[in-house]
Amino acid sequence: MDLLNWLTEPLQYGFLTRALIVTVAAAVVSAVLSCWLILMGWSLMGDAVSHAVLPGVALAYIVGIPFSIGAFVFGAGAVALIGVVRSTTKLKPDTVIGVVFTALFAAGLAIVSSTPSQIDLLHILFGNVLGVTDGELWQVLILGAVTLAVVLFKRRDLTLLAFDRTHAHVIGLNTKFLSALLLGLLALSVVVGLQAVGIILVVAMLITPGATAFLLTRSFDRMLVLAVGITVAASLAGIYASYYLDISTGAAVVLAQSLVFTVVYLVARPNGVLWQRLRVRRSRRRSPSAHVGDAPAGAVS
Amino acid sequence: MSTLSAAPPALRATNLTVSYNDVRALDGVGVSVETGSICGLVGVNGSGKSTLFKALMGLLVPAAGTVELYGRTSREARQRGLVAYVPQAEDVDWDFPVSVADVVGMGRYGLMGPSRRASAVDRAAVDAALERVGLAGLRRRQIGELSGGQRKRAFVARSIAQDAKLLLLDEPFAGVDRSSEATLTVLLKELRDEGRSVLMSTHDLAGVSQLCDSAVLLHNRVLARGRPSDVLTPSNLALAFGGALEIREP
Ligand SMILES: Nc1ncnc2c1ncn2[C@@H]1O[C@H](COP(=O)(O)OP(=O)(O)OP(=O)(O)O)[C@@H](O)[C@H]1O
Ligand SMILES: [Mg+2]
């Protein structure tokens, strides 16, 4: 079987199997989180957290502790810092987010550049999924499983928080705790995802699957399932593309997700742009103003 | 009889004062709603109606004043599920991927376990609430796929599923046509007759005299309160609305 060969050939290499597992695991966790993030309007928060973990990752390498600890501490720290600055000034949220994450990212770059021999900056920024060790694989799997378990257990509260925070408050739920929980889970999923695609692109995995699924359905449960399905397919496609076309794995995975988004944006019914165009054309052809030529009804006089 | 009169009112707020930076939104506002009655909160845009709701729900901390709901603090009342809120239409994300039944089900969350998994009792309560507001046939619709009046009824159904005793409704009649308004009016009267209490803000003066047992005229402070016919006098309305007002006849 040629196709079977084509599919199994990359898996002979242990590093590629590990890359596949890490990418799919990270992508699934991020995709699930993305459904809430895009509904909360927190997409930019994902970008901020992912950049802000750089100093944490760098320090973890220098001190010799697992990278995920450093990354999580700085990711959660950035979230807290953004919260404090927001609640004590009248600056708009995107401004505060921008100030905080660029500051932390710059601090990370400074740390990395002052210890050039120890850390491969490119690997942190763009991921090094082909070089994942067994230890890192386990970090990803365990953190991913914990994140997924918590988010799925609390999914109804998180959906309520995103939909109607006031109602959540009025029936006695702790909305501050729920917000903090979602931000903590965001930080965790960034930690998981940056191993796969790196700091710069992890935010794509935290936005695009949810955004794509949102275009396809008006039910939240279906959105979750679609986001996961899309992201798994895109991850597999990305890994194989990266192997056979010899392109960066992280880039290939994100490109595959973007491709799915583009197709859905254009053709998904009933909201796809192409269908809308078609419908406008058809209704124009049917309407009486068509006799006057192509001019829209209002332009006749 | 004496035990009845000793029972605290559904809502009693005294001397509520709230400022946003240098805008004083509420100035020494006192409101009370008797158990089993409907109170209309009337005032122009910016008169502090939504702010009053927020203070009652504990969403903002007043600079001064007290809030008591059924003789309890706002926090205690909330934790017992006594209070329900029907938001102003502008405050809802109508594109959110939830169905009508999902929204009504959210009324039950305070009564469920930590994962909010619906039991048979919860599902029955949601079905009954949907039936009651006449939305059973539309339960699978996405919430934004309802008309203005149906949307309001969906949120009232959520309070019914919650079995809340005090309903706070911010502008329930805004963007609602005459026939939906009539349906909603009947529904609110039924809820009152069951012993529930309602505080609703509105611009619809004709509706207030038809529906409400009492009224409060608000303009950052209380201009008048009492029976609707005593409150909505031309001179009071001129005070509240600055004369630029047309009273819509019923
Ligand atoms: N978040 C806020 N920050 C600053 N000022 C505010 C805020 N919310 C309301 N205000 C001001 O407080 C006053 C009362 O506003 P509020 O929203 O309570 O009025 P309202 O009676 O609900 O008006 P509407 O009929 O338009 O809903 C207004 O002057 C408003 O500009
Ligand atoms: Mg208002």
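The sequence lines fix the lettering, A, B, ..., with proteins before strands; numbering per chain opens at 1.
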### Message
Counting only non-hydrogen atoms closer than 4.5 Å, does A162(A) touch chain B with its backbone (N, CA, C, O), its side chain (CB onward), both, or neither?
### Response
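A162(A) touches chain B through backbone and side-chain heavy atoms alike.
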### Query
Where on T175(A) is there a heavy atom nearer than 4.5 Å to chain B: the side chain, the backbone, both, or neither?
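It is neither, since no heavy atom gets under 4.5 Å.
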### Query
Given side chains that start at C-beta, do those of P87(B) and D164(A) come closer than 4.5 Å, heavy atoms only?
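Of all side-chain heavy-atom pairs linking D164(A) with P87(B), at least one is under 4.5 Å.
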### Query
Can you tell if the side chain of R218(A) reaches within under 4.5 Å of the side chain of S99(B), non-hydrogen atoms only?
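Not touching, per the 4.5 Å side-chain cut-off.
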What are the two closest non-hydrogen atoms of [X] and [Y], and how far apart are they?
X       : Y       : value
S115(B) : F153(A) : CB-CE1, 3.4 Å
V83(B)  : V170(A) : O-CG1, 3.2 Å
K154(A) : P114(B) : NZ-O, 3.0 Å

### Message
Is it the case that over 12 heavy atoms from other parts of the model lie below 6.0 angstrom from the CZ atom of R132(B)?
### Response
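Yes.
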#### Entry: W138(A) atom CH2, neighbour heavy-atom count above 12 within 6.0 Å
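No.
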Would you mind checking which part of [X] comes under 4.5 Å of any heavy atom in chain A, side chain (CB onward), backbone (N, CA, C, O), both or neither?
X       : result
E76(B)  : neither
R158(B) : side chain
V86(B)  : neither
A164(B) : neither
N21(B)  : side chain

### Query
Once you round to the nearest 0.5 Å, how far does CD1 of I171(A) lie from OH of Y109(B)?
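Answer for the CD1-OH pair, I171(A) versus Y109(B), is 8.5 Å.
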### Query
How far does CZ of R116(B) sit from CG of L173(A), to the nearest 0.5 angstrom?
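One gets 5.0 Å once the value is rounded to the nearest 0.5 Å.
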#### Entry: Options G58(B), A84(B), P97(B), ranked by heavy-atom pairs under 4.5 Å with chain A, top entry
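Among the listed options, the one with the most contacts to chain A is P97(B).
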### Task
Kindly indicate, with the supporting measurements, whether the criterion side-chain contact (heavy atoms from CB on, under 4.5 Å) is fulfilled by D102(B) and F220(A).
CA-CA 10 Å; D102(B) 291 337; F220(A) 188 81; 5.9 Å; no
### Message
Between R156(A) and R117(B), does the side-chain contact (heavy atoms from CB on, under 4.5 Å) criterion hold? Intermediate values first, please.
### Response
CA-CA 8 Å; R156(A) 295 189 181 91; R117(B) 197 191 180 83; 4.1 Å; yes
